[in-house]
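This report concerns only the one structure given below.
Convention: sequence-line order gives letters A, B, ...; per-chain numbering from 1.
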Protein chains: 2
Amino acid sequence: MYRIGEFSTISRVPVSALRYYGDRGLLPPDSIDPDTGYRYYAVTQLPRLNRILALKDLGLSLDEITAILNDELSAAELRGMLRLKQAEISQLVTEEQARLSRVENRLRLIESEGMMPSHDVVLKEMEPQRVVSLREVLADPRDVGTMIGDGYAALMPAGIMPIAPCFSVYHDPEFKPTELDVEVAFPVATQLEAVPDTPGGRSFVQRSIPGGKAAVIIHDGPYDTLHESYAAIGNWISDNELRIAGPAQEAYLIAPDDPGGPITEIRLPVA
Amino acid sequence: MYRIGEFSTISRVPVSALRYYGDRGLLPPDSIDPDTGYRYYAVTQLPRLNRILALKDLGLSLDEITAILNDELSAAELRGMLRLKQAEISQLVTEEQARLSRVENRLRLIESEGMMPSHDVVLKEMEPQRVVSLREVLADPRDVGTMIGDGYAALMPAGIMPIAPCFSVYHDPEFKPTELDVEVAFPVATQLEAVPDTPGGRSFVQRSIPGGKAAVIIHDGPYDTLHESYAAIGNWISDNELRIAGPAQEAYLIAPDDPGGPITEIRLPVA
DNA sequence: TATGCAGTCTCTAGCTACTTGAGAGTCAAG
DNA sequence: CTTGACTCTCAAGTAGCTAGAGACTGCATA
């Protein structure tokens, strides 16, 4: 019988951890002196302790290990648990590798430009959004602004308030400066009975914009530098070995007539 | 100006996280209503929030991010921090890959044998140990027992108490059943003035056994099944893509004359 | 004007697997 | 009997939030 310090030396497990395992019921001491409370361990407990350490090394939690050691699991459940853990770890490895390449890219950016990039791309989870929208093929990209104005001019008098900033969706698979298939969307809370046509004679469609992951960047500046943010988001996506999985969106968080200039969020669905 | 809920919708960051970042000084609200305590955020805070998220995605802690955002770091420090993070992540990836292969091996073992292996190999950190030891080339492996007895017979009367179980070190690079170069070591607390020779005429050497990582297994059974544990430890080492980095040790935790039979710990230094 | 309800506030606790430390008691040797 | 090493219990700390309790605010409707 060993006292906890000796058992710690033999097993090379810290005293505090042994006490913790004992209190959790994972490795109760062989006996406890009822007068002094001293814990006494037997060498025969080493296999159990080593099993605890080995299972912990597989990434199992102490609760899971407790269940395994107390024989509460069938062989099938055990296999299932391990296969689950296997999937978890391989996902973790993939994620960490992606993180690693993000760090490497950031380092490369800093070394080449001497500073941090001015704005950052982040991956966000988008909720599906119910919208009323106008869609049109435009000759001039700047007409998007008039479409938005036209849309508001129809919605406001009808008492329809967008619940989030309006945004545009660019449906062209590649960029076409002369024939731009663009949708202007106004998020709404629920399906609406009727939506009036716009003063400009456009008709609204009600639909749901699907959710999912999107690479997002805030563009804080005039529209004629939007391409820089698109370049940043494009680089980020290829760096992270993702691919574009839907049409780009631009959300107009602050309108261009604001004294501070417009602020735009570019979103690119990815998978 | 947006209330926290709206800002949460726009940024797709949970309200609780925004409050937390505010309290940490990482992203204080643009203003706080002194009467109600309501937090108000501006769209212009989105770039900072996105930078926080992007840096978090690189694996930086909020403290580190605070330092970066408050411009407390030189470009060199920033590069250093990222390079450190890079090293950390690639080590993490390596570790998780090793863990993954451990899980896969465990699964394979379970599927082939229908159960968990009876004993477990674990990786432990060994402290360097000061010992007094006897070393000899033996014709018969079973003579190790007499060497141990001989050693104790010299040490006990001289008042030298080993501070840990004695163990043997097998110095042969490969196994030789007829000419076994074996060292029997007794751990001691400090360098000793003098150690008497044994009744059997052997002379002690004082030395330090180096520490480091070792693969360890508890063998709970008679010595003639030791090879099974050696096989298990050998498999484990190759599974984990480690290599043997020193002579094997066998620690005699419980002597073979105990009614429960001997318990032995096999240690194989690895790198 | 009253009521309701969604939103917000602060504060506390919980999550994992321990580690650290305080304050008190125990053991063996000299 | 003292000393020093060891052990005990209990509480708090770790990271980055999340969840919940109980109270207050703001806006819309009856």
Side-chain angles (χ1 to χ4, degrees), chain A residues 1-41 49 52-67 69 85 88 92 99 125 159 161 163-164 189-190, chain B residues 1-41 49 52-67 69 85 88 92 99 159-161 163-164 189-190:
Chain A
M1 291 295 240
Y2 295 96
R3 295 204 306 204
I4 198 168
E6 301 161 320
F7 195 63
S8 163
T9 308
I10 295 175
S11 61
R12 288 167 296 275
V13 171
V15 170
S16 56
L18 290 176
R19 277 201 270 254
Y20 184 65
Y21 294 155
D23 292 348
R24 297 252 332 204
L26 205 48
L27 184 77
D30 186 80
S31 67
I32 298 183
D33 186 315
D35 297 328
T36 66
Y38 274 33
R39 297 164 176 84
Y40 290 93
Y41 292 87
L49 178 52
I52 293 170
L53 299 178
L55 293 175
K56 211 158 61 70
D57 252 15
L58 300 184
L60 298 173
S61 73
L62 295 193
D63 278 343
E64 291 167 326
I65 296 173
T66 309
L69 289 187
K85 195 54 72 175
E88 279 177 26
L92 179 62
R99 185 195 300 273
E125 184 70 34
M161 270 294 285
I163 57 167
T190 58
Chain B
M1 292 294 238
Y2 295 96
R3 296 203 306 204
I4 198 167
E6 301 161 320
F7 195 63
S8 162
T9 308
I10 295 175
S11 61
R12 287 167 297 276
V13 171
V15 169
S16 56
L18 291 175
R19 276 201 270 255
Y20 184 66
Y21 294 156
D23 292 349
R24 297 248 338 200
L26 206 48
L27 184 77
D30 185 80
S31 67
I32 297 184
D33 187 314
D35 297 327
T36 65
Y38 274 34
R39 297 164 174 84
Y40 290 94
Y41 292 86
L49 177 52
I52 293 170
L53 299 179
L55 294 176
K56 211 159 61 68
D57 253 14
L58 301 184
L60 299 173
S61 73
L62 295 193
D63 279 342
E64 291 167 327
I65 296 174
T66 310
L69 290 187
K85 196 52 73 175
E88 279 177 26
L92 180 62
R99 185 196 300 273
I160 300 170
M161 269 294 286
I163 57 167
T190 59

Given protein heavy atoms under 4.0 Å, the one-letter contact record of nucleotides 24-30 of chain C, with B base, S sugar-phosphate only and - none, is simply -BBS---
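Between A:Asp33 and A:Arg39 there is no salt bridge, since no side-chain nitrogen of the basic residue lies less than 4.0 Å from a carboxylate oxygen of the acidic one.
When the side-chain nitrogen and oxygen atoms of B:Arg39 are compared with OP1 and OP2 of C:dT8, none of them lie within a distance under 4.0 Å. Side-chain nitrogen and oxygen atoms of A:Lys56 include at least one within less than 4.0 Å of the OP1 or OP2 phosphate oxygen of C:dC18. Taking only side-chain nitrogens and oxygens, A:Tyr21 comes nearer than 4.0 Å to OP1 or OP2 of C:dC18.
The distance from atom CG of B:Asp63 to atom C1' of D:dT14 is 12 Å, rounded to the nearest whole Å. Straight-line distance from the CD atom of B:Glu6 to the P atom of D:dC27: 10 Å, rounded to whole Å. Following rounding to the nearest Å, A:Asp23 (CG) and C:dC18 (C1') show an atom-to-atom distance of 12 Å. As rounded to whole Å, 18 Å separates atom P of D:dA15 from atom CD1 of B:Ile52. Computed from coordinates, the B:Tyr2 OH to D:dG26 P distance equals 19 Å when rounded to whole Å. Look at OH on A:Tyr20: it is 7 Å from C1' on C:dT16, rounded to the nearest Å. Atom CD1 of A:Ile4 and atom C1' of D:dT9 are 12 Å apart (whole Å). As a whole-Å value, the separation of B:Ile65 CD1 from D:dC17 P is 8 Å.
Listed for the B:Lys85 side chain is no donor-acceptor partner under 3.5 Å among the backbone atoms of B:Leu58. B:Ser8 contributes a side-chain N or O that, together with a main-chain N or O of B:Val13, makes up a donor-acceptor pair within less than 3.5 Å. At least one donor-acceptor pair closer than 3.5 Å links the side chain of B:Arg99 to the backbone N or O of A:Asp57.
Closest-nucleotide positions on DNA chain D for B:Ser16 and A:Arg19 were compared, and the one nearer the 5' end corresponds to A:Arg19. For the pair A:Gly37 and B:Ala17, both in contact range of DNA chain D, the more 5′-proximal nearest nucleotide belongs to A:Gly37.
Residues A:Arg3 and A:Glu6 approach most closely at N-OE1, 2.7 Å, considering heavy atoms. Of all heavy-atom pairs spanning B:Ile52 and B:Ile65, the tightest one is O-CD1, 3.7 Å. Looking at every heavy atom in both residues, B:Phe7 comes nearest to B:Leu27 through CE2-CD2, 4.3 Å.
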